[in-house]
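Data first, discussion second: the structure below is written as structure tokens.
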Amino acid sequence: AVPALLPALADANETVACTALSALEQIYSSGGYSPRRKSRPPEVEAAITKCFSDPRWRVRAAAAELAGKLTSQQQAAGLRKLLEDPDGFVVRNALEALKQIGAAPEPAQLAIVANTHPGLRGQVLELLAKWSSDDAVRAGAEMYNAGNTEGRLALIGSLARAATEQRTMRGDAWMPLLKQAASESEPRLRQAAAEAIAALPPESAALMAETLLSDVDPQVRARGASSVMAIMSGGRIMAATSTDPRAIMMAEFDEDSSDQKRAKTN
């Protein structure tokens, strides 16, 4: 089917082109019961790359989504270029694809995206957390300070998800921002900060345990208590990675926890 699908990517009807991209996903993505992925010939990768410059935003967005689902490392450069796209939906799909293939853009480029598309700051922060460099933390703090309460809540929630998904995230690098959120007068911000802190590695979460346990808000104290219990048990609280507002924080321990790996925390 592939030789017939590739010309369809340039079809004059964008619905046909997008459907052809979807068909390529069905062909090359792993099946529900098989961990293996089919190898893709160079002409398929080249066709996906070509779609990144298609004049129709839906085709560009669909191509970015496909690259992410196929975890195509060869498309990393093209996806970074798509972060300059004028269409916010295309940029959103490119950010998600870069996250899926593990190719986080440089903090400077992510900062530009955050300024150009304020609605994507949560996704930007999750990628910035992968770097945890001084520039990345500075950009995250600027986004936080420039946002309103709802925007700040979304940013701290993104940081909590990043802490769960990226086990190597440097919690100490982001601690100043989390301390700031944990001292806000708005209870929801302190609750969000408590959830993010609880998802950090034990040695970082322990630094804020006393602050959380002494908060006037019972939900913040409860999160602090759960964090302390997780630390003492050699695990950590895992933040829900779903953006569904009905999702809850789940107290689960790392699968790789062991006596040898447990942090010694007083």
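Hydrogens, waters and symmetry mates play no part in the numbers below; they use all other heavy atoms, side chains included.
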Please name the pair of heavy atoms, one in Ala129 and one in Ser132, separated by the smallest distance, quoted to 0.1 Å. O-OG, 2.7 Å

Output every pair passing salt bridge (Lys or Arg N to Asp or Glu O under 4.0 Å) with a member in residues 71-82, not counting sequence neighbours, ordered by first then second residue. Lys81-Glu84

Do Leu155 and Ile112 sit in one hydrophobic cluster, given that two such residues count as connected whenever their side-chain heavy atoms are within less than 4.5 Å of each other, even indirectly? no

Interatomic distance, Glu14 atom CD to Arg56 atom CZ [nearest 0.5 angstrom]: 6.5 Å

Before giving the answer on side-chain contact (heavy atoms from CB on, under 4.5 Å), spell out for Leu21 and Cys51 the whole-Å C-alpha distance, their side-chain angles and the decisive distance to 0.1 Å. CA-CA 9 Å; Leu21 286 166; Cys51 287; 4.2 Å; yes

Just so I know, are the side chains of Arg161 and Ser158 near enough to count as touching, which here means a heavy-atom distance under 4.5 Å? yes

When you measure from the side chain of Asn93 to the backbone of Ala61, do you find a donor-acceptor pair of N or O atoms at a distance under 3.5 Å? yes

Arg221 and Val216 have their tightest heavy-atom pair at NH1-O, 3.0 Å

Quick one: are Leu125 and Tyr144 in side-chain contact, heavy atoms under 4.5 Å? no

Checking Trp131 against Glu106 for the side-chain contact (heavy atoms from CB on, under 4.5 Å) test, could you report, in this order, the C-alpha distance in whole Å, the side-chain angles of both residues, the deciding distance, and whether it holds? CA-CA 8 Å; Trp131 291 101; Glu106 293 290 334; 3.7 Å; yes

Same apolar cluster: Phe89 and Phe52, side chain cutoff 4.5 Å: yes

Is Gln75 close to Leu70 at the side-chain level, that is, under 4.5 Å between some pair of heavy atoms? no

dist Glu96:CD -> Ile101:CD1 (nearest 0.5 Å) comes out at 11.0 Å

Per the ring-ring contact (aromatic ring centres under 6.0 Å, His included) rule, what does the pair list look like for residues 199-222, sequence neighbours excluded? none

Decide yes or no for Leu110 and Leu95: does some side-chain heavy atom of the first lie under 4.5 Å from some side-chain heavy atom of the second? yes

Please enumerate all residues that pass salt bridge (charged side-chain N to carboxylate O under 4.0 Å, His left out) together with Asp11, with sequence neighbours excluded. none

Would a single hydrophobic cluster contain both Leu207 and Leu200, if residues Ile, Leu, Val, Met, Phe, Trp and Tyr are joined by side-chain heavy-atom contacts under 4.5 Å? no

Might you confirm whether atom CG of Asp134 has over 12 heavy atoms from other residues, nucleotides or ligands at distances under 6.0 Å? no

How long is the straight-line distance from CG of Leu79 back to OG1 of Thr49, given to the nearest 0.5 Å? 8.5 Å

Same cluster (ILVMFWY, side-chain, under 4.5 Å), Leu6 and Ile27: yes

When rounded to the nearest 0.5 angstrom, what distance separates CD in Glu65 from OG in Ser22? 8.5 Å

Cys18 and Ala62: which non-hydrogen atoms are nearest, and at how many Å? SG-CB, 4.1 Å

Taking atom CZ of Arg138 and atom OG of Ser133, what is their separation to the nearest 0.5 Å? 8.5 Å

Residue pair Lys99, Gln123: steps toward the side-chain contact (heavy atoms from CB on, under 4.5 Å) verdict: CA-CA 9 Å; Lys99 176 183 173 184; Gln123 282 182 285; over 6 Å; no

Distance from Ile197 atom CD1 to Leu212 atom CG, nearest 0.5 Å? 5.0 Å

Can a donor-acceptor pair be found, under 3.5 Å and without considering hydrogens, that links the side chain of Ser227 to the backbone of Arg223? no

Thr71 side chain to Gly68 main-chain N or O, any donor-acceptor pair under 3.5 Å? no

Can you name the nearest heavy-atom pair linking Gly88 to Leu120, along with the distance? O-CD1, 3.9 Å

Taking a hydrophobic cluster as the set of Ile, Leu, Val, Met, Phe, Trp and Tyr residues connected by side-chain heavy atoms closer than 4.5 Å, whether directly or through intermediates, do Leu9 and Trp57 fall within one such cluster? yes

Name all residues meeting the side-chain contact (heavy atoms from CB on, under 4.5 Å) criterion together with Arg188; count only those two or more places apart in sequence or in a different chain, and write none if there are none. Thr149, Glu150, Leu153, Glu186

What heavy-atom pair brings Pro7 and Ala4 nearest, and what distance separates the two atoms? CD-O, 3.5 Å

Least distance between heavy atoms, Ala199 atom then Ala160 atom: CB-O, 4.0 Å

Heavy atoms, side chains only, cut-off 4.5 Å: are Leu83 and Leu98 in contact? yes

Sequence neighbours excluded, which residues qualify as side-chain contact (heavy atoms from CB on, under 4.5 Å) partners of Val137? Ala173, Trp174

Quick one: do Glu184 and Arg152 satisfy side-chain contact (heavy atoms from CB on, under 4.5 Å)? Show the steps, please. CA-CA 11 Å; Glu184 298 280 5; Arg152 291 180 175 185; 3.3 Å; yes

Partners passing side-chain contact (heavy atoms from CB on, under 4.5 Å) against Asp85 (at least two apart in sequence or in another chain): Arg60, Leu82, Asp87, Val90, Val91

Examine distances only and state if a side-chain atom of Ser214 and a backbone atom of Thr211 form a donor-acceptor pair shorter than 3.5 Å. yes

Please determine, by modelled atom types, if Asn145 and Gln180 share a side-chain donor-acceptor pair under 3.5 angstrom. yes

